Number of protein chains: 2
Amino acid sequence: MARQSQTDLAVLGALSIEPMTGYELRQAITEVLGHFWHESFGQIYPCLANLQQLGFVRSTSADRSSTYRITAAGRRELARRLRDEPERQQPRNATLLRVFFGASLDEDDLVAILDRTERQAREQLATLAAAREQIANGTHNAAHGRYWLATVSAGEHAARAQLDWVNETRTTLLAPQLSSGRDSP
Amino acid sequence: MARQSQTDLAVLGALSIEPMTGYELRQAITEVLGHFWHESFGQIYPCLANLQQLGFVRSTSADRSSTYRITAAGRRELARRLRDEPERQQPRNATLLRVFFGASLDEDDLVAILDRTERQAREQLATLAAAREQIANGTHNAAHGRYWLATVSAGEHAARAQLDWVNETRTTLLAPQLSSGRDSP
DNA sequence: TGTCTCATGTAATCCGTTACATGATTGG
DNA sequence: CCAATCATGTAACGGATTACATGAGACA
């Protein structure tokens with residue numbers, strides 16, 4: 001049973017908000033959905049061609065660029081696809097894989113892994129704070145802002161959970177560090 | 001630049017704890033790493049053949065099954081691979097994708113998405129509680145248990161963050177439900 | 001003039017799952 | 001005897017990334 005791609009869903013959804021070219025579509029997905037979704041050109045262009053053939057989008061060409069807009073059938077399809085339950089993707093957390101085999105690591109390396117995780121979570125929180133602000137000042141907000149903010153909030157909850165975990169894990173896994181001599185009286 | 005597969009890492013790591021057949025390897029990864037990792041047979045057998053050719057594992061055959069054990073070179077390779085930073089995988093959260101386009105959904109469908117998320121998080125917490133107990137009673141614990149528990153804890157933090165998010169999102173996104181008549185005095 | 005961004009697309013390749021094929025052993 | 005589990009592997013397929021090819025316009 002072929003696992004259906006969710007690319008169509010992302011593309012139809014984006015076009016349901018605003019008509020775009022393939023290039024702008026990629027940009028929009030990267031910038032706006034970036035904290036929880038990703039598409040590459042190699043997916044987007046074939047997907048657009050396919051959706052057009054199915055009658056879910058229509059394109060109008062202006063000087064060497066094609067703008068795609070969603071059709072009525074496309075909106076119906078979008079609603080249908082949004083409703084059905086995605087099969088859950090197999091988890092693959094490379095960081096936890098490393099922690100799991102921590103007995104084969106020096107403590108330095110474990111420290112590096114935890115520091116890295118903390119840094120990434122903090123960066124994520126900064127990105128999401130910026131996203132919040134953009135949504136507050138943006139244009140599509142009447143209808144969409146509340147939903148977009150909900151996704152931002154999900155990211156924030158996850159990032160804070162990571163920070164909590166890092167702090168907890170530093171105390172449970174790292175032996176209390178002896179001071180290196182310099183800073184104790 | 002080919003993104004290197006982390007399958008080798010998972011396989012070498014598992015074999016560093018205990019020699020196993022390919023079949024047992026799959027089982028161990030599913031049962032023990034299941035909450036943050038996954039491998040299928042289609043990956044494991046070719047991977048084992050490859051690791052053997054590189055001299056990182058050795059196999060001994062007994063009646064129609066081959067037991068693989070890690071070599072000294074394999075342990076060095078494992079330590080090396082554990083150290084280098086994994087490039088972070090592109091996020092793809094199908095649930096958030098649906099929430100993001102929530103304006104195209106009926107409230108019922110949104111409720112279903114949130115309920116589903118809550119249920120999955122609770123199931124995850126139950127699974128992890130069982131894992132905790134298994135680790136407490138297991139055999140490999142002197143050296144490994146603390147690390148394994150750290151990965152379990154990461155899962156718990158993440159699952160609780162999801163529950164928090166669901167609760168928050170129910171109040172921010174769902175209009176206050178009028179009582180259906182039955183339960184108000 | 002050269003570099004950056006806009007813009008479109010294809011081909012090669014990799015990663016991973018699923019399905020298929022095979023067969024022994026165990027337990028009801 | 002039949003079903004389930006143990007056990008090994010391969011082939012087909014699908015999904016996604018990366019690299020490649022191309023070219024116009026902006027701007028420094």
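Chain naming here is simple, since letters A, B, ... match the order of the sequence lines and numbering starts at 1 in each. Just so it is clear, the model here is predicted, and its values are computed rather than measured.
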Taking only side-chain N and O atoms of [X], does any of them lie within less than 4.0 angstrom of OP1 or OP2 on [N]?
{"X": "B/Ser40", "N": "C/dT18", "answer": "no"}
{"X": "B/Ser5", "N": "C/dC14", "answer": "no"}
{"X": "B/Arg92", "N": "D/dA16", "answer": "yes"}

Next item on the list: Using heavy atoms to find the nearest nucleotide of DNA chain D for B/Pro46 and A/Gln43 separately, return the residue whose nucleotide is more 5′.
Entry: B/Pro46

Item checked: Upstream residue (5' side of DNA chain D) when B/Gly42 and B/Glu24 are each assigned their closest nucleotide -> B/Glu24

Note to self: Determine whether B/Ile29 and B/Trp37 satisfy the following criterion, side chain to side chain contact (heavy atoms under 4.5 Å, CB included), listing intermediate values before the conclusion.
What the structure shows: CA-CA 7 Å; B/Ile29 290 177; B/Trp37 203 261; 4.2 Å; yes

Notebook entry, point to check: At under 4.0 Å between heavy atoms, what does A/Thr21 touch on the DNA or RNA strands: base, sugar-phosphate, or nothing?
Noted result: sugar-phosphate

Note to self: With no hydrogens and no angle check, just 3.5 Å: does a side-chain donor-acceptor pair link A/Arg160 and A/Gln124?
What the structure shows: no

Would you indicate which nucleotide in [options] comes nearest to any side-chain atom of [X]?
{"X": "A/Tyr23", "options": "C/dA7, D/dG25, D/dT8", "result": "C/dA7"}
{"X": "A/Gln27", "options": "D/dA7, C/dC6, C/dA7", "result": "C/dC6"}
{"X": "A/Ser65", "options": "D/dT17, D/dG25, C/dT8", "result": "C/dT8"}
{"X": "B/Thr7", "options": "D/dA7, C/dC6, C/dG16", "result": "C/dG16"}

Next item on the list: For B/Asp84 and A/Arg98, run side chain to side chain contact (heavy atoms under 4.5 Å, CB included): C-alpha distance rounded to whole Å, both residues' side-chain angles, the deciding distance at 0.1 Å, then the answer.
Entry: CA-CA 10 Å; B/Asp84 48 54; A/Arg98 283 158 173 77; 4.0 Å; yes

Item checked: Atom pair distance, as rounded to whole Å: CZ in A/Arg26 and P in D/dT17 -> 9 Å

Next item on the list: Before giving the answer on side chain to side chain contact (heavy atoms under 4.5 Å, CB included), spell out for B/Ser40 and A/Gln90 the whole-Å C-alpha distance, their side-chain angles and the decisive distance to 0.1 Å.
Entry: CA-CA 11 Å; B/Ser40 58; A/Gln90 306 292 9; over 6 Å; no

